[in-house]
Amino acid sequence: EAEVAQSPRYKITEKSQAVAFWCDPISGHATLYWYRQILGQGPELLVQFQDESVVDDSQLPKDRFSAERLKGVDSTLKIQPAELGDSAMYLCASSLFGTGRTEAFFGQGTRLTVV
Amino acid sequence: KQEVTQIPAALSVPEGENLVLNCSFTDSAIYNLQWFRQDPGKGLTSLLLIQSSQREQTSGRLNASLDKSSGRSTLYIAASQPGDSATYLCAGSGNTPLVFGKGTRLSVIA
């Protein structure tokens with residue numbers, strides 16, 4: 001069964017350091033999302049890609065976060081420098097088409113702890 | 001802006017009980033309503049997807065309904081089992097990607 005792959009599963013980093021997360025969506029899915037989930041809360045959208053283009057990054061803290069999907073397949077989310085408040089689960093999801101018209105599938109997430 | 005609310009925040013039931021989880025949303029112009037399960041420290045597993053033209057979907061012991069006019073969805077779990085213990089999240093999508101509620105944390109006691 002096709003899955004959204006994410007790595008690493010867990011990451012511990014010191015504040016002010018750089019950290020990167022990787023996501024490989026389900027093959028053929030044009031839309032890729034990065035969500036952040038703080039403990040006890042629902043996931044919140046950080047960025048949405050349609051193929052290699054950013055569709056929505058209005059909630060991405062652009063002073064320290066960046067995201068790319070260069071070839072329209074896998075994607076990388078980077079934080080530099082990391083802050084204590086960035087500790088959260090980072091979830092990647094993909095869907096066949098965008099604008100929420102098709103089912104979204106999520107990966108297992110990357111649990112980030114900033115110390 | 002779509003807002004999603006889930007009630008209750010936590011629920012504890014004895015094994016075998018039937019139960020209902022509630023989800024309400026503010027913008028009725030949604031395309032899809034998805035229910036997810038999340039185990040501690042894990043990602044989200046899609047349980048059911050209800051498209052705007054549908055009223056309900058069923059998968060095994062799970063049944064989800066959608067009433068766009070009232071802005072509500074329910075997830076019904078029949079004959080609950082300890083393995084159903086998890087957090088259940090609902091999310092609606094329309095012209096924007098999925099907007100999530102905070103979830104209902106379910107504990108099924110053997």
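When reading the values below, keep in mind they use all heavy atoms of this one structure, side chains included, and skip hydrogens, waters and symmetry mates. Throughout, a chain's letter reflects where its sequence line sits, starting with A, and its residues are numbered from 1.
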Student: Which value, rounded to the nearest 0.5 Å, describes the distance between A/Gln37 atom CD and B/Phe100 atom CZ?
Tutor: 8.0 Å
Student: Is A/Leu84 atom CG crowded by more than 12 heavy atoms from other residues, nucleotides or ligands, each under 6.0 Å away?
Tutor: yes
Student: Among residues 105-115 of chain A, which ones touch chain B with a heavy-atom distance under 4.5 Å?
Tutor: A/Phe106, A/Gly107, A/Gln108, A/Arg111
Student: Got a donor-acceptor contact below 3.5 angstrom from the A/Tyr35 side chain to the B/Leu98 backbone?
Tutor: yes
Student: So which of A/Gly40, A/Pro43, A/Gly42 has the biggest tally of heavy-atom pairs under 4.5 Å with chain B?
Tutor: A/Pro43
Student: Listed by residue number, which members of residues 41-55 of chain B have a heavy atom under 4.5 Å from any heavy atom of chain A?
Tutor: B/Gly41, B/Lys42, B/Gly43, B/Leu44, B/Ser46, B/Leu49
Student: Is it the case that atom NZ in A/Lys62 sees more than 12 heavy atoms from other parts of the structure closer than 6.0 Å?
Tutor: yes
Student: Hydrophobic clustering (ILVMFWY, side-chain heavy atoms < 4.5 Å, transitive) - are A/Leu46 and A/Val54 grouped together?
Tutor: yes
Student: What part of B/Gln38 gets closer than 4.5 Å to chain A, counting heavy atoms only: side chain, backbone, both or neither?
Tutor: side chain
Student: Tell me whether A/Met89 is reachable from A/Phe21 by hopping between hydrophobic residues (I, L, V, M, F, W, Y) whose side-chain heavy atoms are closer than 4.5 Å.
Tutor: no
Student: Is it true that, when you exclude A/Ile12 itself, more than 12 heavy atoms of the residues, nucleotides or ligands shown sit nearer than 6.0 Å to its CD1?
Tutor: no
Student: Quick one: what part of A/Glu44 sits under 4.5 Å from any heavy atom of chain B, side chain, backbone, both or neither?
Tutor: neither
Student: Flag yes if B/Phe25 and B/Tyr31 sit in one hydrophobic cluster, no otherwise; membership is Ile, Leu, Val, Met, Phe, Trp, Tyr, and two members link when side-chain heavy atoms are under 4.5 Å apart.
Tutor: no
Student: For B/Lys68, I'd like to know if atom NZ has over 12 heavy atoms of other residues, nucleotides or ligands within 6.0 Å.
Tutor: yes
Student: Kindly work out whether a path of hydrophobic side-chain contacts (I/L/V/M/F/W/Y, heavy atoms less than 4.5 Å apart) joins A/Val47 to A/Leu32.
Tutor: yes
Student: So with a 6.0 Å cut-off around CD of B/Glu17, is the heavy-atom count from everything else above 12?
Tutor: yes
Student: Would A/Val55 and A/Leu91 show up in the same hydrophobic cluster when neighbours are defined by side-chain heavy atoms closer than 4.5 Å?
Tutor: no
Student: Say whether, by atom type as modelled, one donor and one acceptor occur between the side chain of A/Gln48 and the main chain of B/Pro97 under 3.5 angstrom.
Tutor: no
Student: Got more than 12 heavy atoms from elsewhere within 6.0 Å of CD, A/Glu68?
Tutor: yes
